[in-house]
Amino acid sequence: MKPKITIARWVFDDVLQFLQNDFNVQANLADEVLTAASLSARSADAVGLITTVTDKVDAAFLAACPHLKVISNIGVGVNNIDLAACTARGVLVCNTPDVLNAATADLGFALLLATARRITEAEQFLRAGDWKKAFAVNQFLGHDVAGATLGIIGMGRIGQAVARRAVGFDMQVLYCNRSQLPSAQEQALNASWVQKEVLLARSDFVLLLVPYSAASHHLIGAAELGLMKSSAILINIARGGVVDDAALAAALSKGTIAAAGLDVFEGEPAVHPALLACKNVVLTPHIGSATHSTRLKMAMLAAQNLMAALNVAALNVTINFNPTENHILQNVVNSEALNHLTTQRN
Ligand code: 8YV
């Protein structure tokens, strides 16, 4: 009998077919957003689970799914999954880095341009029939992008892809990151490694790309917004919760900063009503990686990760696992869970 896996949300046919060769797949083609109780009930006898950002996995969830060996997330961020709880139970967790870098960086730049040039505000004005004077010297004046200073908080793979785009706009890049880039790369990107306070004070655009964790919760709040220039624009394509949305709405309405472009929100899909009331903010519903080809690559990679990790779990590889030497498990984010694996597939 084929082992069972559960897919929490809708996926492409190609991905389903790939998995159905080896697994008894419980899909969710209706794409209901399942509660933890309902997803864990569906996964009670499953060895593998494919999740997205909306699926929360914690210790109680894992306890209800005792056969689970691998959770493969469609997405690079895994803050929806309690990694420590998974590691403690020997459950491997995989993610889908790299394949989404370009699409997500493009969306970051789209929000940057849209906020700087007030695109959605101007379009709403036109659609509302308010465009009466064919031209006015002072109509919808925005902010220059070319030659401006872009601050990137979180200079990982997507941050670097954003910086490469900024080169084409003759921008100067300031960045905050745990580690400094090699100097040749800094030169190529016209980028300087600075403290967060320096970045906030000097940047015309501040773009957030840090993963969400307790450490990055409300990384940008009232105090940080207060350090920014009144002409500056904040872009969040990282995670809701990295920004204190209430503080941001207050800063936008008081003119502490000029504008914001947001793809992610605290408590998605709910959006803070004060943000919805601001004209100087461009809002998109968590579509950073949402191109057809990117989402297909992410879902297929999640399926391949699941299969590779389940194969290793079945072999019961236990200790001294070095992920850099084991290409097949390069997308396992808690390889130390292998030390806890005790059960066999089937
Ligand atoms: C995903 C994302 O599409 O990869 C991530 O971390 O934020 C998005 O690009 C989303 O998380 C789906 O799970």
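For ligands, and for the atoms within them, numbers begin at 1 and follow the listed sequence.
- When each atom of ligand 1 is checked for a heavy atom of Arg295 under 4.0 Å away, the hits are 3 (O).
- For Tyr212 and His218, the ring centers sit 6.0 Å or farther from each other.
- Here the rule is side-chain contact (heavy atoms from CB on, under 4.5 Å) with Ile220, and of Leu225, Asp244, Asp245 only Leu225 fits it.
- Those atoms of ligand 1 with a heavy atom of Gly75 less than 4.0 angstrom away are 4 (O), 5 (C).
- Residues satisfying the salt bridge (charged side-chain N to carboxylate O under 4.0 Å, His left out) test with Asp31, not counting sequence neighbours, are Arg9.
- For atom 3 (O) of ligand 1, the nearest non-hydrogen atom of the protein is Ser289 OG, 2.9 Å.
- Without hydrogens or angle criteria, Trp193 side chain to Asn177 main chain gives a donor-acceptor distance under 3.5 Å.
- The two residues Ala258 and Ile233 come nearest to each other via the heavy atoms CB-CG1, 4.4 Å.
- Residue Gly77 places at least one N or O, backbone or side chain, under 3.5 Å from an N or O of ligand 1.
- Panel note: side chain Arg117, backbone His143; no donor-acceptor pair is recorded below 3.5 Å.
- Contact annotation for Leu100 and ligand 1: only side-chain heavy atoms (C-beta onward) come within less than 4.0 Å of the ligand.
- Scanning all protein heavy atoms for the shortest distance to atom 10 (C) of ligand 1 gives His286 NE2, 3.9 Å.
- Atom numbering of ligand 1 starts at 1 in the shown order; those under 4.0 Å from a heavy atom of Val76 are 4 (O), 5 (C), 6 (O).
- Counting protein heavy atoms only, atom 7 (O) of ligand 1 is closest to Arg239 NH1, 2.7 Å.
- Of the heavy atoms in Val53, both backbone and side-chain atoms come closer than 4.0 Å to ligand 1.
- For ligand 1, the atoms sitting less than 4.0 Å from at least one non-hydrogen atom of Thr52 are 13 (O), numbered in the order shown with element in parentheses.
- Put simply, CD1 on Ile235 and CD1 on Ile152 are 11.5 Å apart, with the number rounded to the nearest 0.5 Å.
- For atom 13 (O) of ligand 1, the nearest protein heavy atom (residue, atom name, distance) is Ile74 O, 2.6 Å.
- Closest approach of Thr96 to Ile74, counting heavy atoms only: OG1-C, 4.0 Å.
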